[in-house]
Amino acid sequence: MHQHKAIGIDLAKRVFQVCIVDTRNQKVHVNKALKRREVLDFLRQQPPCRVFMEACGGSHYWARQIKALGHAVGLISPQFVTPFRKGHKTDANDALAIVEAGLRPDMRFVPTKAIEQQDIQSLQRIRDRCIKQRTRLSRQMHGLLQEYGIICGRRQKSLTQAVWRAVEDAENELTMLMRQLLTEQMEELEQLNNRLLNLDQQVEQVSRAFAPCRQLMAIEGIGMVSATQLYSALGDGRAFQNGRQASAYIGLTPKQYSSGGARPRCEALGALGNYPLNARLYEGGTPPFVSWAINKMPEVGGYVI
């Protein structure tokens, strides 16, 4: 490993900016643009050294490819790179700022995701998107029915019964056009329910296939969804020295404010980190949910999220 050479890469779709810095002489040897197909060939010609990139779209793919060439890769959160950028925001300045940020002794790097972690992450994101679509569709039907004097309960079962009663009732104000639209809405809702059922089955299969997920589900209160999300975010956990680092990485630690030697003040949880995972863990730890789960599953005495 070349200890006195560092490379910073400003990632993009087609044109990448590569900056090579000699850390011994504090000189920039190269800072040029490369096409996408030229990046790996260029890095093959370099001796094994440290390569830094921003953690952005496609960064984990490039980290795996560059590691296979023998380089040591460090992914940096973009918010930690911005303070090191000098001058205007250009590709050359960004690449140099990435190198300077990566060379800081106290820099915190983002763990590189394996392919299976990205598969699980994609599965969870598609599932979350389907849930949001189903919620939006249900709320839209609630509003449409209310415009015609028809109300129903909040649950999907109550909504389904109300829609079909309204469509079959010939004495209400629904026109043939509106009845057809509601029927199409119900068909779309059924498709989303079937899609979510298939996705849940895939999540269950994934949770049983990987050992870290099975170990996480052994913890009381952790179900297949949370286990797969935790594994997708943290991997095997070896990138973190302790539990607090892992908690801070996914955004579970409170914001801290201290100045002038005064006692540190802890505030509410910030908006950083993995928001869907934070929301699920927070929801699973609330007392109302715990009480409901214990009453629902007295033989287990716990809850599954």
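Along the sequence shown, residues carry numbers from 1.
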Item to complete: Using the test ring pair (Phe, Tyr, Trp, His ring centres under 6.0 Å), find all partners of F240 that sit at least two apart in sequence or belong to another chain.
Response: Y249
Worksheet item: For the side chain of S207 and the backbone of M224, is there at least one donor-acceptor N/O pair under 3.5 Å apart?
Response: no
Discussion item. Can a donor-acceptor pair be found, under 3.5 Å and without considering hydrogens, that links the side chain of H71 to the backbone of R50?
Written reply: no
Worksheet entry | Any side-chain heavy-atom pair of I120 and Q117 under 4.5 Å | no
Worksheet entry | ring-ring contact (aromatic ring centres under 6.0 Å, His included) partners of residues 198-232, not counting sequence neighbours, each pair once | F210-Y231
Worksheet item: Within the distance-only criterion (no hydrogens, no angle test), does the side chain of H60 pair as donor or acceptor with the backbone N or O of K113 below 3.5 angstrom?
Response: yes
Fill in: Test side chain to side chain contact (heavy atoms under 4.5 Å, CB included) applied to A63 - qualifying residues, sequence neighbours left out
M53, V73, L75, T112
Worksheet item: Counting only N and O atoms by type, is there a donor-acceptor contact under 3.5 Å from the side chain of N93 to the main-chain atoms of K89?
Response: no
Worksheet item: Quick one: are E204 and D200 in side-chain contact, heavy atoms under 4.5 Å?
Response: no
Worksheet item: Taking C-beta and beyond as the side chain, do V167 and M186 meet within less than 4.5 Å on heavy atoms?
Response: no
Worksheet item: How many angstroms lie between CD in Q229 and CZ in R127, if you round to the nearest 0.5 Å?
Response: 8.0 Å
Discussion item. Taking CZ in R214 as the centre, count heavy atoms belonging to other residues, nucleotides or ligands within less than 6.0 Å. Is the count above 12?
Written reply: yes
Discussion item. Strictly distance-based, threshold 3.5 Å: is any side-chain N or O of R44 a donor or acceptor partner for the main-chain N or O of L69?
Written reply: no
Discussion item. I'd like to check the side chain to side chain contact (heavy atoms under 4.5 Å, CB included) partners of I115; sequence neighbours left out, ordered by chain and number.
Written reply: R64, D119
Discussion item. Around atom CD of Q245, are there more than 12 heavy atoms from other residues, nucleotides or ligands closer than 6.0 Å?
Written reply: yes
Item to complete: Decide side chain to side chain contact (heavy atoms under 4.5 Å, CB included) for L11 and E54; before the verdict, give the C-alpha distance in whole Å, the side-chain angles of both, and the deciding distance to 0.1 Å.
Response: CA-CA 7 Å; L11 299 176; E54 282 186 333; over 6 Å; no
Worksheet item: Quick one: does T183's side chain have a donor or acceptor within less than 3.5 Å of a partner on R179's backbone?
Response: yes
Worksheet item: To which residues is V81 joined in a hydrophobic cluster, defined by side-chain heavy-atom contacts under 4.5 Å among Ile, Leu, Val, Met, Phe, Trp and Tyr, whether direct or through other members?
Response: V21, V28, F52, I76, F80, F84, L96, I98, V99, L103, M107, F109
Discussion item. According to ring-ring contact (aromatic ring centres under 6.0 Å, His included), does anything in residues 165-207 pair up with another residue at least two apart or in another chain? List the pairs.
Written reply: none
Discussion item. Walk me through whether L182 and L145 qualify under side chain to side chain contact (heavy atoms under 4.5 Å, CB included).
Written reply: CA-CA 9 Å; L182 288 174; L145 289 175; 3.8 Å; yes
Discussion item. If I take atom CD from residue Q46 and atom CD1 from residue I7, how far apart are they, to the nearest 0.5 angstrom?
Written reply: 5.0 Å
Worksheet item: Quick one: CD on Q205 to CD on Q201, what's the gap to the nearest 0.5 Å?
Response: 7.0 Å
Practice prompt. With sequence neighbours excluded, tell me which residues meet side chain to side chain donor-acceptor pair (under 3.5 Å) with Q17.
Written response: N31
Discussion item. For T228 and L123: C-alpha separation, side-chain torsions, deciding distance, then whether side chain to side chain contact (heavy atoms under 4.5 Å, CB included) applies.
Written reply: CA-CA 10 Å; T228 51; L123 175 62; over 6 Å; no
Practice prompt. Indicate yes or no for a side-chain donor-acceptor contact from R85 to the backbone of D94 under 3.5 Å, with no hydrogens or angles considered.
Written response: no
Worksheet, complete the sentence: Here the ring-ring contact (aromatic ring centres under 6.0 Å, His included) pairs for residues 157-202, sequence neighbours left out, are none
Item to complete: Determine whether M176 and M178 fall in the same hydrophobic cluster, where Ile, Leu, Val, Met, Phe, Trp and Tyr are linked whenever their side-chain heavy atoms lie under 4.5 Å apart.
Response: no
Worksheet entry | Nearest non-hydrogen partners of G70 and P48, listed with the distance | O-CB, 3.5 Å
Practice prompt. Check C130 against L199 and note the closest heavy-atom contact, atom names and distance.
Written response: SG-CD1, 4.0 Å
Worksheet item: What are the two closest non-hydrogen atoms of L234 and A246, and how far apart are they?
Response: CD2-O, 4.1 Å
Item to complete: Report the distance from atom CG of N193 to atom CG of L189, rounding to the nearest 0.5 Å.
Response: 5.0 Å
Worksheet item: When you measure from the side chain of S226 to the backbone N and O of I222, does any donor-acceptor pair fall under 3.5 Å?
Response: no
Practice prompt. Flag yes if more than 12 heavy atoms outside R195 fall under 6.0 Å of its CZ atom; otherwise flag no.
Written response: no
Practice prompt. Look at atom CD of E173 and say whether more than 12 heavy atoms of other residues, nucleotides or ligands are closer to it than 6.0 Å.
Written response: no
Fill in: Any side-chain donor near an acceptor of the partner, R136 and Q140, under 3.5 Å
no
Item to complete: For S138 and R134, indicate whether the former's side chain and the latter's backbone hold a donor-acceptor pair under 3.5 Å.
Response: yes
Worksheet item: What are the two closest non-hydrogen atoms of G153 and S158, and how far apart are they?
Response: N-OG, 2.8 Å
Discussion item. A quick test of your reading: do over 12 heavy atoms of other residues, nucleotides or ligands sit less than 6.0 Å from CD of Q241?
Written reply: no
Worksheet item: Got a second to check how far I9's CD1 is from L34's CG, nearest 0.5 Å?
Response: 8.5 Å
Discussion item. According to salt bridge (charged side-chain N to carboxylate O under 4.0 Å, His left out), who are the partners of R104, at least two apart in sequence or on a separate chain?
Written reply: none
Response to the item:
Residue pairs passing the ring-ring contact (aromatic ring centres under 6.0 Å, His included) test with at least one member in residues 130-158, sequence neighbours excluded, are none
Item to complete: Check whether any side-chain N or O of Q26 sits under 3.5 Å from a backbone N or O of T23 as a donor-acceptor pair, and report yes or no.
Response: yes
Worksheet item: Among all residues two or more places apart in sequence or in another chain, which pass the salt bridge (charged side-chain N to carboxylate O under 4.0 Å, His left out) test with R14?
Response: none
Discussion item. Counting C-beta onward and ignoring hydrogens, is there a side-chain heavy-atom pair between Q124 and S232 closer than 4.5 Å?
Written reply: no
Worksheet item: Residues in side chain to side chain donor-acceptor pair (under 3.5 Å) with D128, at least two apart?
Response: none
Discussion item. I need the minimum non-hydrogen distance between A55 and V110, along with the two atoms involved.
Written reply: CB-CG2, 3.9 Å
Worksheet item: Honestly curious: do V15 and F42 fall in one hydrophobic cluster under the side-chain, below-4.5 Å linking rule?
Response: no
Discussion item. Within this structure, what is the CG-CZ distance for the pair L137 and R139, rounded to the nearest 0.5 Å?
Written reply: 12.0 Å
